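Because the structure is predicted, anything quoted here is derived from the model rather than measured. Only heavy atoms go into these numbers, but all of them, side chains included; no hydrogens, no water, no symmetry mates. Here is the naming used below: chain letters follow the sequence lines, and residue numbers restart at 1 for every chain.
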Amino acid sequence: MSLLNIRNLSLSIHGTPILKDVSFSIEEGQIHGLIGESGSGKSMTAYAAMQLLPYGSVCSGEITLNGRDVLNSSESELCQMRGNHVGMVFQEPMTALNPVQTIGQQVAETILIHEPDTSRTEATTRAAQALARCELPQDRFPLSRYPFEMSGGQKQRVVIAMAIALQPKLLIADEPTTALDVTTQAQILTLLERLVREDGMGMLLITHDLAVVSDVADHITIMRRGEVVEAAPTAQLFAELKHPYTQALFKASTHQPERDDQTHDTPLLSVRNVIRDYALPRKALFAPQEYFRALKGVSFDLHHGESLGLVGESGCGKSTLTHAILGLEETQGGTIELDGQPVFTNHKPNRAVRRRMQVVFQDPYSSFNPRHKVARLVAEPFHLHDNPPTGSAREDAVAHALTAVGLSPDDANKYIHEFSGGQRQRIAIARALILRPDLILLDEAVSALDVSIRAQILDLLAELSDTLNLSYLFISHDLSVVRSITDRVLVMKAGEIVEQGETEAVFTNPQHSYTKALIDAAPTLPKGPRHAA
Amino acid sequence: MLRFALLRLRSLLLALFVASLVIFAMIELVPGDPASFMLGINAREDTINALREELGLNLPVWQRYTSWVGGMLTGDFGTSYTYRTPVTEILIERLWVSLPLAIYALTLTILIAFPAGIYAASKRGSLTDLTVMGATQLGVAVPNFWFAMLAVLVFAISLRWFPSGGFPGWDAGLYPALRALTLPAIALALPQASILTRIMRSSLLDTLSEDYIRTARAKGLTRGQALRRHALRNALVPVLTIIGLQFSFLLAGAIIIENVFFLPGLGRLVFQAISQRDLIVVESVVMLLVFAVILVNFLVELTYGFVDPQLRRGR
């Protein structure tokens with residue numbers, strides 16, 4: 001009998017159908033990948049199995065876990081099941097832990113809740129063992145640590161330790177590595193795989209990233225709009241790609257936008273020995289001021305018409321560099337010039353230079369003011385002009401920018417909440433285009449998007465660069481995206497550029513050990529079907 | 001924790017210093033001569049001069065400031081012009097009414113607000129939640145003197161459980177004194193409890209939607225366990241801030257209630273001192289209240305340190 005058996009599961013929340021007739025099963029010791037884009041219902045399937053659904057949810061169908069009928073269990077039976085027979089790991093390790101309790105307390109709580117007779121000392125010892133299994137040994141990570149004293153990857157290990165402390169039969173991991181850097185992602189996936197194999201657990205691994213599951217999962221189920229579209233053992237699924245949606249997903253994941261090469265040799269942006277120091281909080285009342293050097297003498301050129309990639313893990317100084325180039329923060333050394341004009345003059349940002357550069361940020365949901373209409377949002381950069389266009393000239397500019405990104409001029413009168421994530425990112429690009437800049441900084445601009453939307457946005461960026469002769473500085477932690485859209489790439493680590501060169505050359509023949517580590521850690525998709533390739 | 005406390009103490013002292021400068025400057029900068037202002041327009045020249053001499057107004061500004069601050073540091077707030085007694089004595093006498101009243105009212109506030117707020121949050125959307133929310137809406141909207149008058153009508157005049165006003169003094173014994181303070185404390189507490197209930201409820205609801213509550217539920221905690229063990233402490237920070245503000249308000253802002261119940265508290269003292277133009281008393285009471293507010297905020301910030309380990313470790 002299967003460990004987890006879901007039969008004809010349907011779910012609606014406040015009357016809105018979320019899941020339709022979902023069926024699949026997980027055997028003991030099996031890693032089952034559940035793939036889908038946002039809104040496909042993959043997370044809700046997991047929450048249904050745990051019965052941790054939001055208020056107003058109605059389930060029908062059948063879920064059996066380890067022989068227990070989940071949908072007909074009482075709340076106290078469910079509490080007894082959660083954490084004991086099934087553990088869960090979440091996407092966002094930064095917020096998944098209680099900030100005011102130590103990691104030891106939080107792991108021990110799983111044990112104490114289910115085995116109330118256990119003494120506190122014994123629970124603590126077992127918590128230490130669980131943490132050690134998750135590669136957080138007590139001598140380096142004492143139980144008295146608080147979550148804020150740990151990195152994202154370490155916090156995720158604590159969450160995993162809580163989930164496996166009682167050696168449950170099933171582990172549900174909901175996008176466990178999406179918020180993490182590539183090298184950390186690889187470590188966490190290895191850890192999860194090891195724990196599953198050691199304890200003979202079943203694991204439901206939910207992700208939007210085909211490449212992540214292709215390495216570890218035994219079996220894959222693909223969902224779209226609340227329904228299962230395809231399910232097969234991993235090797236077979238990638239070899240056959242039966243369903244058109246699976247094919248589309250696979251194509252979008254490996255999408256390569258078509259671009260003309262129109263790079264000139266003249267530098268557009270020239271960054272020389274840039275240094276950026278941040279003041280640290282004083283250690284004592286009258287201690288001397290100390291600084292953290294976020295950029296340690298960064299130098300590079302970006303040529304006219306070029307698409308330049310900047311990769312590196314979180315905390316390496318990518319965002320600091322973006323802020324410095326945009327003139328949002330003053331640097332403590334070095335020069336940044338656009339076409340020979342400095343970004344900062346006399347401790348003030350140079351507006352004439354500023355309006356030739358625009359930026360698109362990662363999060364299409366929080367980077368717009370929800371109270372403004374699209375017309376106002378898109379026209380915002382005009383404040384950089386001394387005499388901004390008004391009246392119909394302004395309307396024309398907005399309409400033109402919206403048309404350029406594939407939206408309709410009528411969209412100018414809508415509010416931002418009326419648009420999907422991909423459309424919002426188009427609006428963000430329209431906002432960047434309106435001043436007809438020479439350079440656009442794309443700060444993780446496609447990282448929050450689903451693969452199919454991401455492919456469309458990448459195509460749009462390639463097309464705009466060709467028609468408007470735009471240059472891009474493409475900042476991302478996602479190596480495959482950088483590889484697909486840039487001519488040259490910079491690899492950044494701890495405030496320094498450790499390697500730079502032609503993108504293909506760097507990816508096929510990395511010179512620096514850090515670049516090699518990054519490329520090795522990045523999950524890769526299998527080649528795909530023999531006949532379709 | 002010690003470093004955190006010392007840093008807070010430093011800002012406390014700085015705030016007190018700035019406050020003393022501002023209060024001193026206000027009295028200095030008001031147009032006209034403080035002595036003739038205190039004595040009114042019909043005062044004789046030699047009386048004014050005598051008062052100027054007594055107040056030390058003939059000395060240079062910095063000397064007056066240092067002797068004022070120096071006096072306060074040694075517990076000497078000067079002599080009241082209208083009462084002809086040392087201000088320190090008056091303040092202590094009044095504080096013995098106002099401070100217990102404020103503490104009494106705040107205790108009632110917390111005793112009402114915590115259970116009501118927690119209960120409403122845990123039963124969100126239920127009839128109980130709606131009832132609690134409706135009641136607090138009313139509590140916030142109705143002014144406290146109206147509650148005071150109703151309480152006097154019901155509990156003092158009809159039922160005769162409590163006196164309708166006045167204060168027998170602590171010499172009369174603990175019970176009569178507390179009895180005299182009960183109705184004023186309730187009248188003060190009802191609006192404050194309504195505010196605090198709403199803050200407690202919304203802060204808890206915010207915390208309950210945090211990811212770590214979901215983590216706790218996935219570990220097998222019941223809804224109630226997750227609320228008690230994980231949500232409550234995290235929800236306390238905004239609640240503590242409000243409690244700090246409320247205490248300062250209750251200490252200084254009870255003027256109307258003190259008048260309704262004829263209580264000889266600080267609020268009435270300021271009121272009387274202002275109408276009698278007794279600048280020395282006004283200056284001293286204001287400084288005392290500023291001190292109380294800053295001190296309470298300091299204590300609230302120290303409790304943040306207990307609630308939030310990140311502050312404690314000085315990050």
If you draw a 6.0 Å radius around [atom1] in [X], do more than 12 non-hydrogen atoms from other residues or ligands fall strictly inside?
{"X": "B:Phe291", "atom1": "CZ", "answer": "no"}
{"X": "B:Tyr119", "atom1": "OH", "answer": "no"}
{"X": "A:Tyr278", "atom1": "OH", "answer": "yes"}

Quick check on the interface: out of [options], who has the most heavy-atom pairs with chain B under 4.5 Å?
{"options": "A:Cys79, A:Ser76, A:Gly83", "result": "A:Cys79"}
{"options": "A:Gln106, A:Met94, A:Gln91, A:Met88", "result": "A:Gln106"}
{"options": "A:Leu78, A:Val100, A:Asn84, A:Thr110", "result": "A:Val100"}

Toward chain A, the part of B:Arg223 with a non-hydrogen atom under 4.5 Å: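 When you check distances to chain A, no heavy atom of B:Arg223 falls under 4.5 Å.
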
Tell me yes or no: between the side chains of B:Arg214 and A:Tyr47, is some donor less than 3.5 Å from an acceptor?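 Present: a donor and an acceptor within the cut-off.
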
Any side-chain heavy atom of B:Asp308 sitting closer than 4.5 Å to one from A:Pro99?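 B:Asp308 does not reach A:Pro99 side chain to side chain.
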
Side-chain contact, heavy-atom cut-off 4.5 Å: B:Pro309 with A:Phe148?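 They are in contact (side-chain heavy atoms under 4.5 Å apart), so the answer is yes.
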
Which heavy atom of B:Arg229 sits nearest to which heavy atom of A:Gln101, and what is that distance?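 Closest approach of B:Arg229 to A:Gln101, heavy atoms only: O-NE2, 3.2 Å.
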
Minimum heavy-atom separation for B:Gly220 to A:His114, with atom names?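 Shortest heavy-atom separation between B:Gly220 and A:His114 comes out as CA-NE2, 3.9 Å.
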
Kindly say whether B:Lys219 contributes a backbone atom to a donor-acceptor pair with the side chain of A:Glu109 at under 3.5 angstrom?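 Judged by distance alone, no pair lies under 3.5 Å.
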
Starting at CG of A:Asn98, measure out to OG1 of B:Thr207 and round the result to the nearest 0.5 Å.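 That separation rounds to 10.0 Å.
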
Point-to-point distance, once rounded to the nearest 0.5 Å, from CG of B:Asp211 to CZ of A:Phe90: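 One finds 8.0 Å between CG of B:Asp211 and CZ of A:Phe90.
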
Examine whether an atom of [X] lies under 4.5 Å from a heavy atom of chain B, and if so say whether it belongs to the side chain, the backbone or both; otherwise answer neither.
{"X": "A:Glu75", "result": "side chain"}
{"X": "A:Leu52", "result": "side chain"}
{"X": "A:Val86", "result": "backbone"}

Please report the C-alpha distance between B:Gln225 and A:Ile113 in whole Å, then the side-chain angles of each, then the deciding distance to 0.1 Å, and finally whether the side chain to side chain contact (heavy atoms under 4.5 Å, CB included) criterion is met. CA-CA 10 Å; B:Gln225 281 172 327; A:Ile113 278 284; 3.7 Å; yes

